[in-house]
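For reference, the structure is listed below as structure tokens.
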Amino acid sequence: MKRKPFILISNDDGFEAKGINALVDMLRDMADLLVCAPDSARSGYARAFSATTPLHLIPQHREEGLEVWSSNGTPVDCVKLALNQLCTDRQPDMVIGGINHGDNGSVNTHYSGTMGVAAEGCMKYLPSVAFSICDYSADADFEPMRTLVRSITRRVLAEGLPKGVCLNVNVPKGGYKGVKVCRMAWGTWYDECVKERHPRGYDYYWMVGRYKNDEPEATDTDNWALSHGFAAITPTRIDVTDYDMIDAMQSWRYDE
């Protein structure tokens, strides 16, 4: 019998989050699944890894075609641990982050632990995708994403992705009327710090903020797609080199 594909799954909401368990349910018949995810929420950890903290790797569940592990580390730690410690006999055919509770479009991609999962897989030359829904509720409804998640996963398993490219997939809350392949919108977070006074006499701060789309009229961005009811797929590069700037800087003087 032909062996099923093998997919490594992680997230930044924790292994017990509804989103990652919905993802497992969507893909359970398509592939053998290894879940290695944080033991609690790690939103905003982006591509951070633990250089000074000892890490634990705890088995949570095992059945035919499915293993679930948790770690006290970051999303990237989980991918590294899984590839190094749990995949010694079989490397994944694909890495998936999500499904994230919340929007990871625009500049959020740089903060997202869900995208950190996809980026880490991509840097290991594994086809990698991050899935997110624009709903921060712990009880978000992921069912409208099922067809899209399965379709993208099936396509990527069959055809792979170019070296250094992963996919950032965001879906509006409540379903979508179509799919747009688009670029990342320029946006800005502001009013990001809220100052509070502790009863013991010192100040402390909450990181919060409000988001502003800085190009609301542009129709080729993920922000536009999501705000108009479309799922947004943004191919994302690991190589952040500005090749135009390389050419422009050839004329610079460095001895003045």
Side-chain angles (χ1 to χ4, degrees), residues 2-13 17 19-37 47 65-68 75-76 78-80 82-83 86-87 90-101 103-105 108-109 112-134 142-172 175-176 178-184 222 225-226 230-240:
K2 185 177 180 180
R3 190 162 62 170
K4 284 184 177 180
F6 179 37
I7 299 176
L8 170 60
I9 295 173
S10 192
N11 71 350
D12 67 3
D13 293 311
I20 197 169
N21 285 285
L23 180 63
V24 168
D25 180 69
M26 293 173 189
L27 301 179
R28 189 71 179 81
D29 66 322
M30 292 176 58
D32 294 330
L33 305 178
L34 171 62
V35 175
C36 186
R47 301 177 190 183
L66 172 65
E67 288 190 30
V68 180
V76 167
C78 291
V79 176
K80 290 180 180 293
L83 292 175
L86 305 177
C87 298
R90 186 182 181 189
Q91 285 295 293
D93 298 294
M94 184 176 177
V95 175
I96 299 180
I99 300 171
N100 187 67
H101 294 247
D103 174 9
N104 277 323
N108 290 343
T109 186
S112 166
T114 304
M115 277 301 294
V117 169
E120 183 64 23
C122 191
M123 287 189 284
K124 296 293 192 293
Y125 307 115
L126 298 170
S128 301
V129 180
F131 291 104
S132 304
I133 191 171
C134 300
F142 297 93
E143 191 57 31
M145 296 182 64
R146 180 178 292 270
T147 299
L148 182 64
V149 167
R150 289 175 62 85
S151 176
I152 291 174
T153 300
R154 187 179 295 110
R155 186 72 177 254
V156 172
L157 283 172
E159 300 181 14
L161 289 169
K163 176 183 175 182
V165 175
C166 55
L167 301 182
N168 182 17
V169 182
N170 289 273
V171 176
Y176 58 98
V179 177
K180 297 286 187 182
V181 180
C182 45
R183 66 177 176 87
M184 185 185 83
D222 49 10
L226 293 168
F230 293 92
I233 304 177
T234 304
T236 304
R237 290 187 181 276
I238 297 299
D239 182 355
V240 295

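In this structure, Pro75 and Asp12 approach most closely via the heavy-atom pair CG-CB, 3.6 Å. When every heavy atom of Cys134 is checked against every heavy atom of Asp103, the shortest pair comes out as SG-CB, 3.8 Å. Contact record, Tyr176 with Val171: CD2-CG1, 3.7 Å, taken as the closest heavy-atom pair. When all heavy atoms of Pro127 and Gly160 are compared, the closest pair comes out as CG-CA, 4.2 Å. In terms of heavy-atom proximity, Gly116 sits nearest to Val76 at O-CG2, 3.7 Å. Minimum interatomic distance between Ala17 and Asp13 (heavy atoms only, all atoms of both residues): CB-CB, 3.6 Å.
A donor-acceptor pair under 3.5 Å links the side-chain atoms of His101 to the main chain of Gly19, judged by distance alone. Between the side chain of Ser10 and the backbone N or O of Gly97 there is no donor-acceptor pair closer than 3.5 Å. Of the possible donor and acceptor atoms, one in the side chain of Ser128 sits under 3.5 Å from a partner among the backbone N and O of Leu126. Between the side chain of Asp93 and the backbone N or O of Phe6, at least one donor-acceptor pair lies under 3.5 Å. Under a 3.5 Å cut-off, the side chain of Thr234 and the backbone N or O of Thr236 do not form any donor-acceptor pair. Between the side chain of Asn11 and the backbone N or O of Gly98 there is no donor-acceptor pair closer than 3.5 Å. Judged purely by atom type and a 3.5 angstrom limit, Asn168 uses its side chain to pair as donor or acceptor with the backbone of Asn104.
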*asked:* Checking Val35 against Glu67 for the side-chain contact (heavy atoms from CB on, under 4.5 Å) test, could you report, in this order, the C-alpha distance in whole Å, the side-chain angles of both residues, the deciding distance, and whether it holds?
replied: CA-CA 6 Å; Val35 175; Glu67 288 190 30; over 6 Å; no
Worked verdict on Asp25 versus Arg146 for salt bridge (Lys or Arg N to Asp or Glu O under 4.0 Å): CA-CA 9 Å; Asp25 180 69; Arg146 180 178 292 270; 2.5 Å; yes
**Item:** Test side-chain contact (heavy atoms from CB on, under 4.5 Å) applied to Ile152 and Phe131, step by step
**Value:** CA-CA 10 Å; Ile152 291 174; Phe131 291 104; 4.0 Å; yes
Evaluate the side-chain contact (heavy atoms from CB on, under 4.5 Å) criterion for residues Met115 and Cys166: first the C-alpha distance (whole Å), next the side-chain angles of each, then the deciding distance (0.1 Å), finally the verdict. CA-CA 9 Å; Met115 277 301 294; Cys166 55; 4.1 Å; yes
Check step by step if side-chain contact (heavy atoms from CB on, under 4.5 Å) holds for Asp32 and Leu66. CA-CA 6 Å; Asp32 294 330; Leu66 172 65; over 6 Å; no
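The residues Lys4 and Asp29 are annotated as not salt-bridged, no charged nitrogen and carboxylate oxygen being separated by less than 4.0 angstrom. Between Glu120 and Lys80, at least one side-chain N (NZ, or NE/NH1/NH2) sits under 4.0 Å from a carboxylate O, which counts as a salt bridge. Taking 4.0 Å as the cut-off between side-chain N and carboxylate O, Lys163 and Asp239 do not count as a salt-bridged pair.
For the atom pair CG of Leu8 and SG of Cys87, the computed distance is 5.5 Å after rounding to the nearest 0.5 Å. With values rounded to the nearest 0.5 angstrom, Thr153 atom OG1 is found 4.0 Å from Met94 atom CE. Rounding to the nearest 0.5 angstrom, the gap separating the CG atom in Leu23 from the CZ atom in Phe142 is 9.5 Å. Atoms CG and CG, on Leu157 and Leu27 in that order, are 8.5 Å from each other to the nearest 0.5 Å. A distance of 15.0 Å separates OH in Tyr125 from CG in Leu161, rounded to the nearest 0.5 Å. A distance of 4.5 Å separates CD1 in Ile96 from CD1 in Ile7, rounded to the nearest 0.5 Å.
Residues Met145 and Ile99 have side chains in contact (heavy-atom distance under 4.5 Å, counting atoms from C-beta outward). Proximity of Val169 to Ser132: side-chain heavy atoms (C-beta onward) are nowhere separated by under 4.5 Å. You'll find the side chain of Leu83 reaches within 4.5 Å of the side chain of Lys124, heavy atoms only.
Ile9 pairs in a side chain to side chain contact (heavy atoms under 4.5 Å, CB included) with only one of the listed residues (Val68, Ile20, Val117, Leu34), which is Ile20.
Remark: Arg155 CZ is loosely packed, at most 12 non-hydrogen atoms of other residues, nucleotides or ligands lying under 6.0 Å away.
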